[in-house]
Amino acid sequence: MVANLLDKIYDPHQVEDKWYHYWEELGYFRADENSEQKAYSIVIPPPNVTGVLHIGHALNNTLQDILVRFKRMKGYNVLWMPGTDHAGIATQNVVEKQLLEEGLDRHALGREKFIERVWEWKRQSGGTIISQLKKLGASCDWSRERFTMDEGLSEAVKEVFIRLYQEGLIYRSHYIINWCPRCQTALSDLEVEHQEEPGKLYHLKYPFKESDRFVIVATTRPETMFGDTAVAVNPEDERYQSWIGEKIILPVVHREIPIIADHYVDVEFGTGCLKITPAHDFNDFEIGLHHHLEQIKVIDEVGRMNKNAGPYDGLDRFECRRQVVEDFERDGVLLRVEDYPHMVGHCYRCKTIVEPNLSLQWFVKTKPLAESAIESVREGRTRIIPEMWEKTYFDWMENIRDWCISRQIWWGHRIPAWYCGQCEEVIVSKEMPASCPACASNRLIPETDVLDTWFSSALWPFSTMGWPKETKELKRFYPTSVLVTGFDILFFWVARMMMMGLKFMGDVPFREVYIHGLVRDEKGEKYSKTRGNVVDPLDLIDRFGADALRFTLASLTMPGSDLKLSESRTEGYRHFANKIWNASRFALMNLEHFNINEVPQDTPPEEFNLPDRWIRGRLNQTIRDVEKALDNYQFNEASHVLYQFVWHEFCDWYLELAKLTLYQEKEGKGKALTQQTLLEVLEAILKLLHPFMPFITEEIWQKLPQRIERQSIMVAPFPRPDRQFDDTMATDQMDQIMEVVNAVRRIRGEMNLPPGEQIVALFRTQKEEIEKQLRTNQSFIQLLAMVKEFRVGEHLERPPYSALAVCQDLEIFVPMNRSQMEEEARRLQKEISKLEKENVLVMKKLSNEQFLSKAPPEIVQEVKERAATFYTRREKLEESFKKIKEMIG
RNA sequence: GGGCGGAUAGCUCAGUUGGGAGAGCGCCGGCCUUACAAGCCGGAGGUCGCAGGUUCAAUCCCUGUUCCGCCUACCA
């Protein structure tokens, strides 16, 4: 028995971990910062350190791994920089939930102890996602793994913060921001998710101070009325011009507020009178600034009304709304209520409705940074793929607003600032200063806020490479070659990396950005826990193998669209893996006593037989197609090309044809050449597939007959086309064989001849050339079409009872019984009517003067030839049809 | 409100310089043929959303339209 004969069915479980460890131990994932080889680098979109791998990660990292493995095999010095981020709010929330279960909260614990708790949690769960990435096969350079809270990265954060502050690009200000009353922190605009909700529009009656008239304002949030500091009308609005400057008395709190004029007010909407609450609405805030209105907060940090809400002090904001509506209705302040669906902002982490709230926060002035980020994409220094996302990018960048970067949580990078308790000086510095530089006081109070997680993520492409130190890594691997990510973080992350990279490295962070879609379920729905449709990629890996999952994801990934994952697809690619496995088994069984190392490498192409030359030519084309597709991020195209070649050319045709040589010939030169081809093409297939299916390809690779220096397939050179085999003659001849075989098979299939039954076939042709080729390739045709008796000739007589197929200049007769002739007549009828339909279309073209004169001659020629083919085929089929009809009456 | 994407076989989708409509899965029929039943062979199935236009020729280009999805925005 052959020692390395493989099992009949491929079992991923037995091989995946083994090879991953092997690669890792041999250091194949490591980038070399000293190498002079051309560099290729990718930084991973860092997942949340305490997270677990979801299907989106699986897609994102599969695509990166395909690129990275491909480039390594192409000889690049590849760096795939891995790591995780600290996910400030999310992680803090998780740990707070744990505390809650213990009946504690973070305040009871204190800041220092709490942070220690989070680190503890990070130590516990931080390895999970990394080990899951390894299951997927991700070939990251783990020796360089980074975490956004690492010392080095924290240093980079401080450095950036200080430099931006010194340049006036970071400032601290009282401003209205999005506030999450549950997380109790400020959020950036991006961290608010807007959702339409059924709401109500309440019409409130505010009395004038000096008369018994009143204005009617419309609002969706009546509870904010205690913070109103004006009512605005449009100065153009004829109805209200005389009111401008008059005073109003707010109900309940009896505060006096003015009627002001502002063009912002839409005359058409509601009553045309707009209540202004500068402390709780973004627009009102702006209007308030213009008119120097007082800003009165009525809602506190946890979403409760404060003392400014008078009798409603202490009520939850929504409870207060209910109460206010009830009271106002009773008191006649509420005139009217109508249904009014509107967009409401929610915290992206906990989904609580955010509260626009006035507070003192830190901001990045983004406009100046955005300019060069826009420019570099416009100039093509960074290319966004697919291009349509550039528009979205520009749109956002051009309308960018200042970025609120301070968060009132504990887990994150502490803002490096201190306040003088004496003179209120603000000091921004890496270390705590000994005393206030302004007044020399040593009563310095540290800032308690931390930075937005995305602030540190924005530095990721260079902070991970050692910045602000000038490292070899930066020199060699920055800018990175490509960033692979989903569109959902285009603004959050990509745009901000662009700004920071340009600002601090003086160059874009990546040459290309490849944006992939979202993974959805087979119905096109987003995966979500609440929907209960989540798939666990690890479960899929367990059931189908990592290779099948990877190939599925790659084959579903086309630029610009989401992908709908279905299990049947993954199952299909498990079958594909098995097909590769069995093709390799076949090869191994037929490579006994064959030693590739003893074969001359310079055999001229003519010495190989037709199938050998053909498959090598097809391999050339496949290599070119795969490379082209990968260069253009057409993952679906690349996988499709490979699937098609491996299954439908290599397995379906080549292996079957090779059997002729392998089975029948004794040891000899012809057999050795086919064995050589078999092995070399299989090796090339494995290498082409390796970026997509790393595990199975390595497993087989290691079982193939040993070449003198066979190493891991990971470091094998990517196949290159061998131009000697770009052989159109071989292609044409094989096309002919396939056409003939298919024609006979169709007869067999349609006439219900059992596949095992050997048949007689007659090939009649008037062309000597065709006759010659048929004779040359007779044995191939006989083998594949199961023809025991093969007759070729110009004047062959049509057997009285026979089925007919017509190929180009060739009639094929398969003798039948008389009883089968009715079936044959039906079959011919069907074929004829099909031809008829096509013929009509073609004739229509040819009878069109305009077409003949205006279409390119080669097209006209082509159509003419097609017409001729249709004509002769139909003629022959009809002739046969008539004869049969005569015979069977 | 603005912007973007999609509509092709029963399902999921390819179709990149306009010239004979494809794949996978599913379905139907025949086969355990010594690599593979996770397989082999054959087959059926489409007015390419709708209406116009450009062109000798449109699934492809242009205009309009319907439906679906996404992003984005300050109409209370």
Side-chain angles (χ1 to χ4, degrees), chain A residues 5-6 8-10 194 201-202 217-221 224 232 264-266 268-277 281-287 340 342-343 386 388-389 391-392 395-396 399 487-488 490-491 517-518 522-524 544 548 555-556 558 560-566 568-569 571-590 632 634 636-637 640 643-644 648 651-652 655-656 659 663 742 745-757 784-786 838 841-842 845 848-856 858-860 862-863 866 870:
Chain A
L5 183 71
L6 306 109
K8 222 171 170 176
I9 286 178
Y10 171 62
H194 294 276
L201 194 59
Y202 303 90
V217 296
T219 179
T220 53
R221 307 195 53 201
T224 63
Y264 169 77
V265 181
D266 182 349
E268 308 280 318
F269 190 89
T271 57
C273 301
L274 174 63
K275 69 192 256 319
I276 304 295
T277 322
D281 183 281
F282 284 87
N283 302 305
D284 293 5
F285 178 80
E286 295 294 338
I287 293 170
Y340 188 72
H342 64 308
M343 300 295 268
M388 64 166 187
W389 289 108
K391 253 193 166 157
T392 313
D395 189 59
W396 188 71
N399 299 301
F487 57 81
D488 48 328
L490 183 62
F491 306 142
L518 223 61
E522 54 260 275
K523 285 183 240 122
F544 302 112
S555 72
L556 290 171
M558 41 233 139
S561 56
D562 288 349
L563 39 156
K564 287 180 197 141
L565 184 66
S566 72
S568 66
R569 199 78 188 245
E571 197 181 351
Y573 291 121
R574 181 186 60 176
H575 296 174
F576 181 49
N578 202 48
K579 188 75 178 174
I580 298 162
W581 184 254
N582 278 292
S584 307
R585 280 183 74 214
F586 171 81
L588 284 179
M589 290 171 175
N590 288 283
N632 292 301
Q634 294 172 318
N636 65 323
E637 176 67 12
H640 177 72
Y643 186 94
Q644 203 63 24
H648 297 304
C651 291
D652 286 353
L655 292 187
E656 294 305 320
K659 284 175 182 172
Y663 287 175
N742 284 334
R745 280 177 175 173
R746 204 167 306 129
I747 290 175
R748 300 184 65 110
E750 287 170 8
M751 300 302 287
N752 277 320
L753 300 180
E757 188 179 315
L784 296 189
M786 298 286 281
E838 293 183 74
L841 290 173
V842 174
K845 277 192 174 182
N848 182 347
E849 257 334 293
Q850 302 270 32
F851 173 72
L852 296 174
S853 59
K854 290 193 180 171
E858 61 274 17
I859 297 292
V860 176
E862 205 184 299
V863 174
R866 221 188 311 149
F870 287 157

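Owing to the predicted nature of the structure, the values given are computational and were not obtained by experimental measurement. To find a chain, count down the sequence lines: A is the first, B the second, and so on, and within it residues start at 1. Reckoned from all heavy atoms, side chains included, excluding hydrogens, waters and symmetry mates.
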For a 4.5 angstrom cut-off between non-hydrogen side-chain atoms, does A:Y264 reach A:L274?
yes
Please classify the nucleic acid contact of A:I747 as base, sugar-phosphate, or nothing, using heavy-atom distances under 4.0 Å.
nothing
Take the protein atom CG of A:L563 and the nucleotide atom C1' of B:G6, then report the distance between them rounded to whole Å.
15 Å
Residue-phosphate contact under 4.0 Å: A:H575 side-chain N/O, B:C40 OP1/OP2:
no
Regarding the side chain of A:N578, the nearest nucleotide among B:A38, B:G42, B:A35 is B:A38
Could you work out which one of B:C4, B:A35, B:A38 sits closest to the side chain of A:M388?
B:C4
Whole angstrom is fine here: how far is it from CE in A:M786 over to C1' in B:G42?
15 Å
For B:C25 versus B:U59, give the span between their C1' atoms, rounded off to a whole number of Å.
23 Å
Counting N and O atoms only, with roles assigned by atom type, does the side chain of A:N632 sit under 3.5 Å from a partner on the main chain of A:Q634, one being a donor and the other an acceptor?
no
So does A:P754 get a backbone contact from the side chain of A:R748, meaning a donor-acceptor N/O pair under 3.5 Å?
yes
Between B:G22 atom P and A:H648 atom NE2, what is the distance in whole Å?
15 Å
For the P atoms, the ones on B:G49 and on B:U16, what distance do you get once it is rounded to whole angstrom?
14 Å
Contact list (N/O, under 3.5 angstrom) for nucleotides 55-59 of chain B vs protein:
unit_1	atom_1	unit_2	atom_2	d
B:C56	OP1	A:K854	NZ	2.5
B:C56	O2'	A:N848	ND2	2.9

To the nearest Å, how far apart are A:K564 NZ and B:A23 C1'?
17 Å
Distance (rounded to the nearest 0.5 Å) between A:L201 CG and A:T271 OG1:
9.0 Å
Under 4.0 Å between a side-chain N or O of A:K8 and OP1 or OP2 of B:A37?
yes
B:C36 P sits how many Å from A:F586 CZ, rounded?
10 Å
With 3.5 Å as the limit, what N/O pairs link the protein to nucleotides 71-76 of chain B?
unit_1	atom_1	unit_2	atom_2	d
B:C74	O4'	A:N283	OD1	3.0
B:C74	O4'	A:N283	ND2	3.0
B:C74	O2'	A:Y264	OH	3.0
B:C74	O2'	A:N283	ND2	3.1
B:C74	N1	A:N283	OD1	3.2
B:C74	O2	A:Y264	OH	3.2
B:C75	O2	A:D266	OD2	2.3
B:C75	N3	A:D266	OD2	3.1
B:A76	OP2	A:Y340	OH	2.2
B:A76	O2'	A:A218	O	2.7
B:A76	N6	A:D266	O	2.8
B:A76	N6	A:F269	O	2.8
B:A76	N1	A:D266	N	3.2

Just compare B:G5, B:A35, B:C41 and give me whichever is closest to any side-chain atom of A:D652.
B:C41
Would a distance-only check, ignoring hydrogens and angles, find a side-chain to backbone donor-acceptor pair under 3.5 Å from A:R221 to A:D281?
no
Describe the nucleic acid contact of A:Q634 in one word from base, sugar-phosphate, nothing, applying a heavy-atom distance below 4.0 Å.
base
Between A:F576 and A:Y643, does the ring centroid distance fall short of 6.0 Å?
yes
Give the dot-bracket line for RNA chain B from 5' end to 3' end: parentheses for intra-strand Watson-Crick or G-U pairs under 3.5 Å, square brackets for crossings, | for inter-strand pairing, dots for unpaired.
(((((((..((((.....[..)))).(((((.......))))).....(((((..]....))))))))))))....
Just by modelled atom types, is the A:G517 backbone N or O under 3.5 Å from a matching donor or acceptor in the A:D562 side chain?
no
Would A:V863 and A:R866 count as a side chain to side chain contact (heavy atoms under 4.5 Å, CB included) here? Give the steps.
CA-CA 5 Å; A:V863 174; A:R866 221 188 311 149; 3.7 Å; yes
Do the side-chain N or O atoms of A:R746 get closer than 4.0 angstrom to the phosphate oxygens (OP1, OP2) of B:G43?
yes
I need the CD-C1' distance between A:E750 and B:C28, as an integer number of Å.
13 Å
Taking the P atom of each, how far is B:C40 from B:U34, in whole Å?
14 Å
To the nearest Å, give me how far apart CZ (A:R569) and P (B:U12) are.
12 Å
Determine the contact category for A:R745: base if any of its heavy atoms lies under 4.0 Å from a base atom, sugar-phosphate if only primed atoms, P, OP1 or OP2 are that close, otherwise nothing.
sugar-phosphate
Say we look at B:A38 and B:A9: how far apart would their P atoms be, to the nearest angstrom?
30 Å
For B:A58 and B:A21, measure between their P atoms and round to the nearest Å.
12 Å
Does a donor on one side chain and an acceptor on the other come within less than 3.5 Å for A:K564 and A:S566?
no
With rounding to whole Å, what would you report as the distance between B:U54 and B:U63 at their P atoms?
15 Å
A:E656 CD to B:G39 P, in whole Å, measures 15 Å
Upstream residue (5' side of RNA chain B) when A:S561 and A:V842 are each assigned their closest nucleotide:
A:S561
Nearest heavy-atom approach of A:T392 to A:F491 is CG2-CZ, 3.5 Å
Gap in Å between the two C1' atoms, one belonging to B:C48 and one to B:G22, rounded:
12 Å
Can you see if the side chain of A:R866 gets near the phosphate of B:G20 - specifically, an N or O under 4.0 Å from OP1 or OP2?
yes
Heavy atoms from C-beta onward define the side chain here; which of B:U33, B:G42, B:A35 lies closest to that of A:N742?
B:G42
Hey, is the main chain of A:K391 close enough, under 3.5 Å, to the side chain of A:D395 for a donor-acceptor pair?
no
Pick the P atom in B:C62 and in B:C67, then give their distance to the nearest Å.
22 Å
Are A:Y10 and B:G39 close enough that a side-chain N or O sits under 4.0 Å from OP1 or OP2?
no
Respond yes when some side-chain nitrogen or oxygen of A:K579 is under 4.0 Å from OP1 or OP2 of B:C40, and no when none is.
yes
Hey, is the main chain of A:Y10 close enough, under 3.5 Å, to the side chain of A:N578 for a donor-acceptor pair?
yes
For A:S555, does its backbone N or O pair with a side-chain atom of A:N636 as donor and acceptor, under 3.5 Å?
no
Ranking B:C4, B:G42, B:C31 by distance to the side chain of A:K391, first place goes to B:C4
Assign A:I9 to base, sugar-phosphate, or nothing according to its heavy-atom contacts below 4.0 angstrom with the strands shown.
base
Is the number of heavy atoms from other residues, nucleotides or ligands within 6.0 Å of CD (A:E858) greater than 12?
yes
What's the shortest heavy-atom distance between A:D284 and A:K275, and which atoms?
OD2-O, 3.3 Å
